[in-house]
Amino acid sequence: MFAIRLSGDESPGTRVLPVDGSGVLAGGDEETAELVRTAEDAGRAGAVQVLPRPLRTPARLLLAGVGAADEGGWRAAGAAVARTASGDEPLDVLLPDRITPAAVRGLAEGLWLGGYRFREAPKPPRSATVTLRTEDATAYAESLETARVTAAATWLARDLTNTPSAVKNPAWFAGQVVAEAATRPGVQVTVRGPEQLAAEGFGGILAVGGGSATPPRLVELAWNPPGATRHVVLVGKGITFDTGGISIKSVDGMKLMRKDMAGAAAVIAATLAAADLNLGVRITALAPLAENAVSGAAFRPGDVITQWDGATTESTNSDAEGRLVLADALGYAVAELNPDVVIDLATLTGANSVALGKRTAALYSQDDGLAGDLAAAGEAAGEQMWRLPLPDDYVQYLDSEIADRHSSPTQGAGSVVAALFLREFLGDRTDRWAHLDMSAPSWAEKDDADLTKGATGWGVRTLLRWLALHGG
Ligand code: BES
Ligand code: MN
Ligand code: ZN
C-alpha cells in the first residue's frame with residue numbers, strides 16, 4: 001500500500017497538480033497552464049497528463065483531472081495517478097486551498113484502491129510515499145484515516161474473493177476471519193462446523209455443502225461496542241466455489257465462480273473495519289460458507305431441505321444454492337439476534353447483470369428509508385445500486401407441491417424471485433431488511449477507475465458509509 005502522509009513541506013517526488021473541469025489549475029505556472037489550455041480534457045475526472053521536465057526538479061509533473069472537484073472526481077484522480085505513477089516513484093500532491101475533507105478522502109481512497117494488487121500476485125503492491133501537501137494537516141487527518149481503513153477493508157475483500165477456490169475452502173475462509181478478528185480487541189468470532197450445523201438444524205448450509213470434500217462452516221463475527229443502541233445484522237453469501245452442483249454449469253458459466261463468496265467477504269471486511277473505526281453500532285456478520293460441488297453426496301434437484309427455521313424448500317435446481325444458505329442465516333438472525341436491521345449481500349443471480357449491466361447491484365427493500373439511505377451511501381462511496389420491486393403477485397411462483405416453497409421459479413424475473421424467496425425467511429423483520437444482489441459489480445473485467453481487474457470488493461464502501469451515518 002502507498003504510505004500517504006499530510007505535510008506542509010514540499011517533497012522531492014513527482015509533483016501532482018490538480019486540474020478541475022473548467023481547466024483551473026492549482027499551483028501551476030505558464031507552462032502547465034498552456035498544457036491545460038491545449039489538452040482538451042485535462043480536467044476530466046481521471047484524466048492524467050504527464051509533463052517530463054528533463055534536468056529540472058521535479059523531473060516529472062502529473063496534471064490530474066478532478067472533474068467537478070467533488071469526492072468522486074478526486075477519487076477518480078487518485079486512482080488514475082496511482083496507475084500512472086507505477087513503481088516506487090514518490091509523489092507530491094498539491095492540495096488546493098480549502099479542499100474539503102470529503103475530497104481528500106476521495107483522493108486517498110482512489111490512490112489506495114487503484115494501487116491494489118492481489119496479495120498472491122507475482123508483483124508486490126505499489127509502495128511509494130505520497131505526500132498530500134497542505135498547510136492544514138489536522139483538518140484532513142480523519143479523512144485520511146477513514147480512507148485508509150476503508151481501502152484496507154476493500155483490499156481484504158478483494159484478496160479473499162480473488163483467492164483460488166482450491167485454497168479458500170470454507171475452513172480456510174473461516175480461519176482467515178479468526179486470524180483477522182484476533183488482531184482486534186472487542187471483536188468476537190464463532191465458527192460452526194458440520195456437526196454443530198447439524199445439531200442446530202442448518203439444513204440449507206448442510207445440503208449445499210454436502211457434496212464437497214471440504215465441509216461447510218457458518219462464521220458469526222460480532223462487533224459490540226459499549227453503549228451501542230442499534231444492532232445491524234449483515235449476511236453474506238459465501239459459496240467458495242459454485243459448480244452449480246448436479247445442475248451443473250457450463251464452462252463459461254463456471255469459470256469465475258470462485259467469486260461466489262464476494263458477499264461474505266464484503267460483510268466480514270466491513271465489520272472488521274467498523275471495529276477499526278470504532279463505530280458506535282453493534283454489528284453481527286453472518287457468513288454461511290459452503291462449496292457447491294458435484295459428487296455422489298451432493299444434494300439433488302427435487303430434494304426437500306429443511307431450513308434452519310423449520311420451513312421446507314424443494315430444491316428444483318441445485319444451481320440456486322445461494323438462497324438456501326442465506327435462508328438459514330436469515331432465519332437464524334431474525335429469531336436469535338434481535339436485529340434492528342438486516343442487510344444481505346449476495347452474488348445471487350446472473351439476472352442481476354441482465355437487468356442492470358456490469359456495475360450496478362440490484363437493491364430490494366420494503367423500507368423506503370433504508371433503501372434510500374443505502375442508495376445514497378452507495379452513491380457517495382462510488383458504488384451503484386438500483387432498486388427493484390418485490391411484487392406480491394410473484395410470490396405464487398414459489399409454490400411447491402411437496403414443500404413449503406420451491407427455490408428456483410422459472411417464472412417471474414430471476415433476481416426478483418430470488419429476493420422474494422429470501423423475504424420468506426425474515427419473519428417479523430420483512431420491513432427492516434434490504435437485499436443486495438451484487439453478482440455483477442463484484443467483478444471487473446479490466447482496471448476501471450478505482451476498480452482493479454478481478455474482484456472489486458463491492459459493498460464494503462457502501463456498508464461502511466451507511467453504518468457510519470445510520471447505524472448509530
Ligand atoms: N452464483 C450464481 C449467480 C451468478 C451468476 C453470480 C453469474 C455471478 C455471475 C448463482 O448461484 C446461480 O447460479 N444462480 C442461478 C439461479 C437459477 C438457477 C435460478 C442463475 O442466476 O442462473
Ligand atoms: Mn449457483
Ligand atoms: Zn452461486
Side-chain angles (χ1 to χ4, degrees), residues 161-162 165 168 170 173 204-205 207-212 216 235-266 287-294 298-303 305 313-329 344-362 364 388 394 397-398 400 405-422 424 435-445 454-459:
T161 307
N162 282 326
S165 297
K168 68 167 165 210
F173 191 138
I205 299 172
V208 172
S212 173
V235 180
K237 173 177 171 181
I239 300 300
T240 61
F241 191 74
D242 184 9
T243 65
I246 292 190
S247 313
I248 196 164
K249 286 182 183 293
S250 66
V251 172
D252 248 20
M254 207 188 295
K255 67 185 181 205
L256 285 179
M257 281 302 133
R258 72 173 185 282
K259 75 166 182 179
D260 214 13
M261 35 52 71
L289 305 170
E291 182 185 22
N292 189 22
V294 193
F299 73 122
R300 303 156 202 81
D303 279 357
I305 290 153
T313 302
E314 177 189 359
S315 166
T316 39
N317 182 335
S318 65
D319 200 9
E321 83 297 337
R323 60 200 78 182
L324 302 179
V325 304
L326 291 170
D328 280 3
D344 76 79
L345 272 69
T347 49
L348 204 58
T349 70
N352 167 210
S353 62
V354 177
L356 297 171
K358 294 198 184 308
R359 288 283 180 273
T360 308
Y364 298 89
L388 293 178
Y394 291 7
Y397 301 141
L398 299 171
S400 162
R405 56 190 70 87
H406 87 133
S407 56
S408 48
T410 48
Q411 284 175 289
S415 180
V416 174
V417 292
L420 287 170
F421 179 86
L422 296 181
E424 300 282 311
H435 159 58
L436 287 159
D437 184 345
M438 34 81 82
S439 310
S442 63
W443 199 262
E445 323 65 48
T456 59
W458 195 94

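In each ligand, atom 1 is the first atom listed, and ligand 1 is the first ligand listed.
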### Task
Please could you name the atoms of ligand 1 that Met257 approaches to less than 4.0 Å, counting only its heavy atoms?
1 (N), 4 (C), 5 (C), 6 (C), 7 (C), 8 (C), 9 (C)
### Query
Salt bridge or not for Arg405 and Glu314, using N-O below 4.0 Å?
no
### Query
Hey, is there an N, O or S on Asp242 sitting under 2.8 Å from the Zn ion (ligand 3)?
yes
## Note on the structure
So CD1 of Ile305 and NE2 of His406: to nearest 0.5 Å the spacing works out to 13.0 Å
### Message
When you measure from the side chain of Asp303 to the backbone of Ser315, do you find a donor-acceptor pair of N or O atoms at a distance under 3.5 Å?
### Response
no
### Message
Distance alone, cut at 3.5 Å: any donor-acceptor contact between the side chains of Asp260 and Thr347?
### Response
yes
### Ligand-residue contact atoms, ligand 1 with Ser408, heavy atoms, under 4.0 Å
19 (C)
### Task
Answer yes or no: is there a side-chain heavy-atom contact under 4.5 Å between Asp242 and Glu321?
yes
#### Entry: 2.8 Å cut-off met by an N, O or S atom of Lys237 to the Zn ion (ligand 3)
yes
### Task
Please round to the nearest 0.5 Å and tell me the distance separating atom OG of Ser407 and atom CZ of Arg323.
6.5 Å
### Query
In ligand 1, which numbered atoms sit nearer than 4.0 Å to a non-hydrogen atom of Ser439?
6 (C), 8 (C)
### Task
Write out the residue and atom name of the closest protein heavy atom to atom 8 (C) of ligand 1, then the distance separating them to 0.1 Å.
Lys259 CE, 3.4 Å
### Query
Got a sec: does the OH of Tyr394 have more than 12 other heavy atoms crowding it under 6.0 Å?
no
#### Entry: Exercise: do Asn317 and Ser247 side chains pair donor with acceptor under 3.5 Å
yes
### Message
Once you restrict to heavy atoms under 4.0 Å, what part of Met438 touches ligand 1? Side chain, backbone, both or neither.
### Response
neither
## Note on the structure
Minimal heavy-atom distance between Ala287 and Ala264, with the atoms involved, is CB-CB, 3.9 Å
#### Entry: Donor + acceptor pair across side chains of Asp437, Ser415 (<3.5 Å)
yes
#### Entry: Closest protein heavy atom to atom 2 (C) of ligand 1, given as residue, atom name and distance to 0.1 Å
Asp242 OD2, 3.6 Å
### Query
Tell me: protein heavy atom nearest atom 20 (C) of ligand 1, and distance?
Gly350 N, 3.9 Å
### Task
Could you tell me which N, O or S atom of Glu321 is nearest to the Mn ion (ligand 2)?
OE1
### Proximity to ligand 1 by part of Met261, non-hydrogen separation under 4.0 Å
neither
### Query
Under 4.0 Å from ligand 1, counting heavy atoms only, is it the side chain of Thr349, its backbone, both or neither?
both
### Query
Thr347 heavy atoms, cut-off 4.0 Å: which ligand 1 atoms fall inside?
1 (N), 2 (C), 3 (C), 6 (C)
### Query
Are Lys168 and Glu291 within salt-bridge range, i.e. N to O under 4.0 Å?
no
### Ala266 to Leu345 - nearest heavy-atom pair and separation
CB-CD2, 3.9 Å
### Message
I'd like to check whether Ala320 has a polar contact with ligand 1, where a contact means an N/O of the residue lying under 3.5 Å from an N/O of the ligand.
### Response
no
#### Entry: Glu321 neighbourhood, listing ligand 1 atoms whose heavy-atom distance to it stays under 4.0 Å
11 (O)
### pair Met261-Ile239: side-chain heavy atoms closer than 4.5 Å
no
### Task
Would you mind listing which atoms of ligand 1 come within a distance below 4.0 Å of any non-hydrogen atom of Arg323?
16 (C), 19 (C)
### Message
For the backbone of Ile248 and the side chain of Thr243, can you confirm whether one donor and one acceptor N or O come within less than 3.5 Å of each other?
### Response
no
### Query
Counting heavy atoms only, which of Thr410, Ile239, Asn317, Asp260 is nearest atom 18 (C) of ligand 1?
Asn317
### Query
What is the closest protein heavy atom to atom 12 (C) of ligand 1, and at what distance does it sit?
Asp319 O, 3.2 Å
### Query
Where the Zn ion (ligand 3) is the centre, what is the OD2-to-OE2 angle for Asp260 and Glu321, rounded to 10°?
100°
### Message
Strictly inside 4.0 angstrom of atom 22 (O) of ligand 1, do you find any protein heavy atom?
### Response
no
### Message
Distance check below 2.8 Å: does Asp319 bring an N, O or S atom to the Mn ion (ligand 2)?
### Response
yes
#### Entry: Under 4.0 Å to a heavy atom of Leu348 - the qualifying atoms of ligand 1, by number
3 (C), 10 (C), 12 (C), 14 (N)
#### Entry: Atom of Asp242 nearest the Mn ion (ligand 2) (restricted to N/O/S, atom name only)
OD2
## Note on the structure
For Lys249, the ligand 1 atoms with a heavy-atom partner under 4.0 Å come out as 2 (C), 12 (C), 13 (O)
